[in-house]
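Notes follow the structure.
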Number of protein chains: 2
Amino acid sequence: MAEQFKGFRRGPRRVSTEQDIVEAALSLLDEGGVTAASIRGIAARIGVAPNAVYTYFPDKAAVVKATVEHLFGQVDHAAFADPEIPWRRRIELIAIELRERLKAHPGAVGLMIGGPMDGPRALALNERLMEVLASAGLSPTDAAKAAYLLVVYVFGSIALDVADLGDIRQAPPEAERIKARQAGFSSITAETYPLSASTAEVMARYVSTEQYLWGLHRVLDGLTHPLPQKPDSATAAAAT
Amino acid sequence: MAEQFKGFRRGPRRVSTEQDIVEAALSLLDEGGVTAASIRGIAARIGVAPNAVYTYFPDKAAVVKATVEHLFGQVDHAAFADPEIPWRRRIELIAIELRERLKAHPGAVGLMIGGPMDGPRALALNERLMEVLASAGLSPTDAAKAAYLLVVYVFGSIALDVADLGDIRQAPPEAERIKARQAGFSSITAETYPLSASTAEVMARYVSTEQYLWGLHRVLDGLTHPLPQKPDSATAAAAT
DNA sequence: ACACGATTTGTACACCGTACAAATTTGGTC
DNA sequence: GACCAAATTTGTACGGTGTACAAATCGTGT
């Protein structure tokens with residue numbers, strides 16, 4: 001222990017640390033989106049030259065990675081550990097917590113989807129999920145697969161929620177938008193597709209927490225009560 | 001009709017069209033990832049000055065949008081329309097088709113997650129899905145919600161599949177990687193989290209089509225056979 | 001007081017998206 | 001065939017990005 005700590009932090013540490021950088025990145029992300037979270041912007045916010053960041057992080061990717069990890073660290077695991085709460089409710093609570101935590105930083109969500117979710121805290125979340133599912137009676141293998149499925153649902157849902165689904169949410173396609181689109185790439189979107197109005201409505205409506213939880217429970221239903229599989233349809237296709 | 005077509009295409013159309021641009025963008029995306037698909041790169045591939053692209057597209061975002069739409073256009077809808085095939089198998093077929101089509105262009109997947117999926121072809125896909133679910137006996141409202149859930153699962157699954165999950169897949173964290181990480185952002189990842197080896201194993205294994213379909217069918221199970229809801233847990237939380 | 005090492009900074013390079021005006025090519029009209 | 005107008009391409013340029021390199025600065029142990 002004493003030997004481990006021998007090499008003390010030296011040098012002119014004035015303002016910046018890893019924490020400062022990550023926090024600056026997060027705040028910039030919230031204010032101005034992904035584009036605002038630049039190395040130069042981060043450095044300017046801390047009051048430091050851009051290159052100073054490279055003392056603590058080798059890459060910008062590393063900064064992003066650390067920021068994502070920082071977000072995962074804010075997720076409260078308390079509900080997971082409480083054995084008083086029934087397991088389904090526990091998962092529901094953590095799904096809500098995760099969603100609210102991530103939706104607080106929409107810019108960051110775009111960063112982790114397709115990005116680095118392999119940090120220790122992100123994996124720890126998956127680990128806890130598996131434990132809960134195992135305690136619900138699932139076999140270790142099924143619990144692992146189920147945990148992955150749940151993660152997919154939660155993140156996929158949040159991603160599509162936060163995503164820029166264009167102007168579907170805000171307004172029906174007016175003539176102006178159509179004109180602009182046709183001017184932009186006419187030959188590609190020249191064909192017409194039958195589109196009912198309900199599609200846009202549903203996508204606009206699904207952002208609610210209520211429907212998020214509805215989907216979550218349908219997934220849980222399928223996990224805990226899988227239907228007996230007929231050998232002719234799904235299994236046959238999967239075996240190839 | 002005749003009046004509509006009066007303004008004929010004039011001018012020196014030598015090499016570039018919307019199609020050429022999109023195809024160049026896609027090929028560059030496949031070869032070098034997102035960073036390679038730059039306006040300058042696309043223009044260079046067609047043998048044109050970078051600015052020439054802006055004749056056909058107002059933005060780079062428009063190019064991305066068109067590329068994503070182009071991908072959706074490659075998805076074969078045939079299985080959807082065939083009433084001979086049982087509906088569950090139809091959904092399975094389209095899920096496989098979509099997955100294979102998207103996995104052929106991993107770089108593009110990162111583009112659409114959190115990106116523009118509001119094109120006519122993307123919406124048409126959702127529309128067909130709703131039709132199949134409705135024909136399976138679901139009410140229009142439930143069909144709409146179920147379609148959204150399925151889209152979330154399919155895209156979330158593919159996204160996590162294609163995503164750079166770090167080195168989890170490839171190798172266990174060796175001392176070298178740990179050292180590099182600690183050198184990069186020591187104070188943040190200094191804490192240790194309990195991590196079982198199975199987490200990494202499961203994530204590494206789940207890329208298989210078999211498990212992708214397993215999850216799909218569990219979701220379908222939950223959709224077609226939702227458990228009777230107890231008023232104390234989920235519904236109470238959702239009502240708030 | 002001195003030196004060492006960690007940290008910060010200045011400068012610079014290659015790349016990005018894209019705005020603007022000038023040049024080029026084409027089709028239709030006289 | 002000459003001309004015009006419109007569509008397309010290009011040259012140049014600006015501000016932005018990530019980041020490599022060497023020089024300068026500062027805190028700390030001896």
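Remember, predicted model here, so these are calculated numbers, not experimental data. Letters go in sequence order (proteins before strands), and every chain restarts at 1.
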Round to a whole Å and report the spacing from [atom1] of [X] to [atom2] of [N].
X	N	atom1	atom2	result
Tyr54(B)	dC20(C)	OH	C1'	13 Å
Glu18(B)	dT9(D)	CD	P	10 Å
Lys60(A)	dC16(C)	NZ	P	16 Å
Ile46(A)	dT9(C)	CD1	C1'	15 Å
Asp59(A)	dT17(D)	CG	P	17 Å
Ile21(B)	dG17(C)	CD1	P	13 Å
Asp20(B)	dT8(D)	CG	C1'	14 Å

Closest-nucleotide mapping onto DNA chain D: is Ala37(A) or Pro50(B) further toward the 5' terminus? I mean the 5' end. Pro50(B)
With side chains defined as the heavy atoms from C-beta onward, is the minimum distance between [X] and [Y] less than 4.5 Å?
X	Y	answer
Val219(B)	Leu149(A)	yes
Phe80(A)	Glu131(A)	no
Leu102(A)	Leu98(A)	yes

Between the protein and nucleotides 12-16 of chain D, list every N/O to N/O distance that falls short of 3.5 Å.
residue: dT12(D); atom: O4; partner: Asn51(B); partner atom: ND2; Å: 3.3

Does a side chain donor of either Asp20(B) or Thr17(B) reach within less than 3.5 Å of an acceptor in the other side chain? yes
Please identify each residue that fulfils side-chain hydrogen bond (donor to acceptor under 3.5 Å, both in side chains) with Glu23(B), with sequence neighbours left out.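 By the side-chain hydrogen bond (donor to acceptor under 3.5 Å, both in side chains) rule, Glu23(B) matches no residue at all.
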Measure the angle between the two terminal helix axes of the helix from dA1(C)-dT30(D) to dC30(C)-dG1(D), five base pairs each, and quote it to 10°. 10°
I want to check a possible cation-pi pair here: Arg99(A) against Tyr212(A), using under 6.0 Å from ring centre and within 45° of the ring axis as the test.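 Yes, a cation-pi geometry holds between Arg99(A) and Tyr212(A).
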Arg45(A) and Glu31(A) ion-paired at < 4.0 Å: yes
Pairing of Arg101(A) and Glu97(A) as salt bridge, 4.0 angstrom limit: yes
Among dG18(D), dT8(C), dT18(C), the nucleotide that comes nearest once only the side chain of Ile39(B) is considered: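 In terms of side-chain proximity for Ile39(B), the closest of dG18(D), dT8(C), dT18(C) is dT18(C).
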In this structure, NE2 of His105(B) is separated from CG of Leu111(B) (nearest 0.5 Å) by 12.0 Å
